[in-house]
Amino acid sequence: MRILPRKFYNRNTVQVAKDLLGKTLVRKTGKQKLTGIIIETEAYKGKNDPASHASKKKTNRNKVMFGQVGWSYVYFTYGMHYCFNVVAKNDKDLSGAVLIRSIQPRLGIKTMIKNRKIDVISNLVNGPAKLTQAMRITLEQYHVDLTKDSDLFIMDGIKPAKILAKPRIGITEGVDKLWNFSFKI
DNA sequence: TCGCAGATTGCCT
DNA sequence: GGCAATCTGCGAA
């Protein structure tokens with residue numbers, strides 16, 4: 001398997017969100033290696049997308065969404081949760097990112113369970129904040145290059161059979177857009 | 001099984 | 001000062 005090249009992310013944000021399904025997320029913590037297949041994503045553009053952090057203006061928090069594609073965007077919210085995004089946009093768009101909502105654990109499941117302090121597999125990574133907790137993603141992973149072999153990157157994976165498109169979750173504006181993508185393994 | 005409220009911190013207005 | 005791309009536990013049905 002190969003690491004996804006930067007040009008993979010240099011396309012329409014919605015298209016990248018779809019194509020990220022089935023790809024492998026790799027997280028290295030010391031000697032431990034945690035991997036998982038991405039099974040749910042959401043697309044957030046900048047302009048004309050009221051639900052996006054970057055819809056209004058560039059701030060210190062969301063500036064990564066305006067920067068280089070293929071870099072991580074981690075943000076802290078609700079006082080206790082982190083969410084993990086990948087910056088992806090074509091040349092026309094000023095900003096955009098794909099939220100990784102859910103994965104299917106492959107390597108290091110035991111470590112993930114330990115990180116989450118629970119023992120129910122079905123409850124391990126079925127949500128963006130649970131995913132970051134299980135994989136130990138924090139603000140230290142804010143602005144990491146995902147196209148390089150480091151602590152955190154994304155590799156090629158499997159091909160999803162059937163992609164489902166739904167409204168995005170947890171937002172109050174822009175709910176008419178079917179930019180939540182998932183598939184069944 | 002479903003729906004609601006609390007937790008808790010940093011960012012923006 | 002108010003709110004957020006969420007999760008969990010609790011109470012009701």
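In the text below, chain A, chain B and the rest are named by the order of the sequence lines, each starting its count at 1. Since this is a predicted model, take the numbers as computed values, not measurements.
- For A:Leu99, whose side chain is taken as the heavy atoms from C-beta onward, the closest listed nucleotide among C:dC7, C:dT6, C:dA5 is C:dA5.
- In this structure, the nucleotide among C:dA5, C:dT8, C:dT6 sitting nearest to the side chain of A:Tyr73 is C:dA5.
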Base-pair string, DNA chain B, Watson-Crick plus G-U, cut-off 3.5 Å on both distances, | for inter-strand, is |||||||.||||.
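- Note on A:Asp93 versus A:Lys47: no salt bridge recorded, every NZ/NE/NH1/NH2 to OD/OE distance being 4.0 Å or above.
- With rounding to whole Å, A:Leu131 atom CG is found 13 Å from C:dA5 atom C1'.
- Using a 4.0 Å heavy-atom cutoff across all strands shown, A:Ala129 reaches sugar-phosphate atoms only and no base atom.
- A:His81 has its NE2 atom 6 Å from the P atom of C:dC7, to the nearest Å.
- Put simply, A:Arg61 has no side-chain N or O that comes within less than 4.0 Å of OP1 or OP2 on C:dA4.
- For DNA chain B, the contact window with chain A, defined by any atom under 4.0 Å from a protein heavy atom, covers B:dA7 to B:dT13 in 5' to 3' order.
- The side-chain tip of A:Arg168 points at the ring of A:Tyr44 from less than 6.0 angstrom away and within 45° of straight on.
- Distances shown here put every side-chain N or O of A:Arg168 at or beyond 4.0 Å from the OP1 or OP2 atom of C:dT6.
- Residue A:Tyr78 contributes atom OH, which lies 5 Å from atom C1' of C:dA4 at whole-angstrom precision.
- Not counting sequence neighbours, the partners of A:Tyr75 by the ring pair (Phe, Tyr, Trp, His ring centres under 6.0 Å) test are A:His53, A:Tyr73.
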